[in-house]
Undergrad: 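I am attaching a structure below and will ask some questions about it afterwards.
Every number for a ligand or one of its atoms is a count from 1 in the order of the listing.
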Amino acid sequence: MPATHTLTDGRTIVLHIKRNTCTHLIVRPRDGGSIYLGIPPWLPEKEWRRWLAAHENVLQDILAKGQARPRTAATAQQAAPESIWLYGRPHALASHDAADIRIVDECILLPQAAWPEQQQRLRQHLYQLAAADLLPRLNDHAQRTGLHPAATALTRAKTFWGVCRPHSGIRLNWRLIGAPPQVADYVCVHELCHLRHADHSRAFWALVDTHTPHTAAAKQWLKRHGSELFVLG
Ligand SMILES: [Zn+2]
């Protein structure tokens, strides 16, 4: 639950609080119904709440400024990106009149709709592509390396590219469908090698090296572009 503050006219505004290292309270416009509030770590809640109550004129000013903004940070995030990664190549996004999603050359054509809806459909579509590409890929590497996980599946996790557990097997992040095939290959091999070595020991990396030449390049690609694979959430 975000913090709120109630104005004397009964209107409730949302406070987007940042506990930062600033030396004084910072109030910045966001939109017509919420503000950004930077709070010094040493300032107790009772104190900054008292300040808000005592400076309603300032808050009204800030809210009016927020209202006048052409685009808030929140709506900026809602805007469609110009392109997204697929199979390691940027694909331009465009709308078309048909009801399905089509990938033509390096362009993804989406049914006409507001971006949040297009985004959801695109995410589902890419998840299916991921299932059709990443899981057989993992299986191929299992056959090739002789390292066989108990099971394989995709994951929607936001903090790792792959995970390997002795009993539940290997799960690969569906967003790897955006990465170049060699990067997906590397993650498959990395997780398969964890069946032999649970840690990241020298022996583990030696085993990875025997099964893929792509380790360094793949790590570098993920470091550089990994966060861009999360653009659809
Ligand atoms: Zn690992």
Undergrad: Between His225 and Trp85, does the ring centroid distance fall short of 6.0 Å?
TA: yes

Undergrad: Just checking Trp174 against Phe230, ring centres under 6.0 Å apart?
TA: no

Undergrad: Quick one: list whatever passes salt bridge (charged side-chain N to carboxylate O under 4.0 Å, His left out) with Asp105, sequence neighbours left out.
TA: none

Undergrad: With 2.8 Å as the limit, jot down which protein N, O or S atoms are around the Zn ion (ligand 1).
TA: His190 NE2, His194 NE2, His200 NE2

Undergrad: Determine whether the aromatic ring centres of His190 and Trp205 lie less than 6.0 Å apart.
TA: yes

Undergrad: Salt bridge or not for Arg137 and Asp133, using N-O below 4.0 Å?
TA: yes

Undergrad: I need the single residue from Leu15, Ile35, Leu37 that forms a side chain to side chain contact (heavy atoms under 4.5 Å, CB included) with His5. Which is it?
TA: Leu15

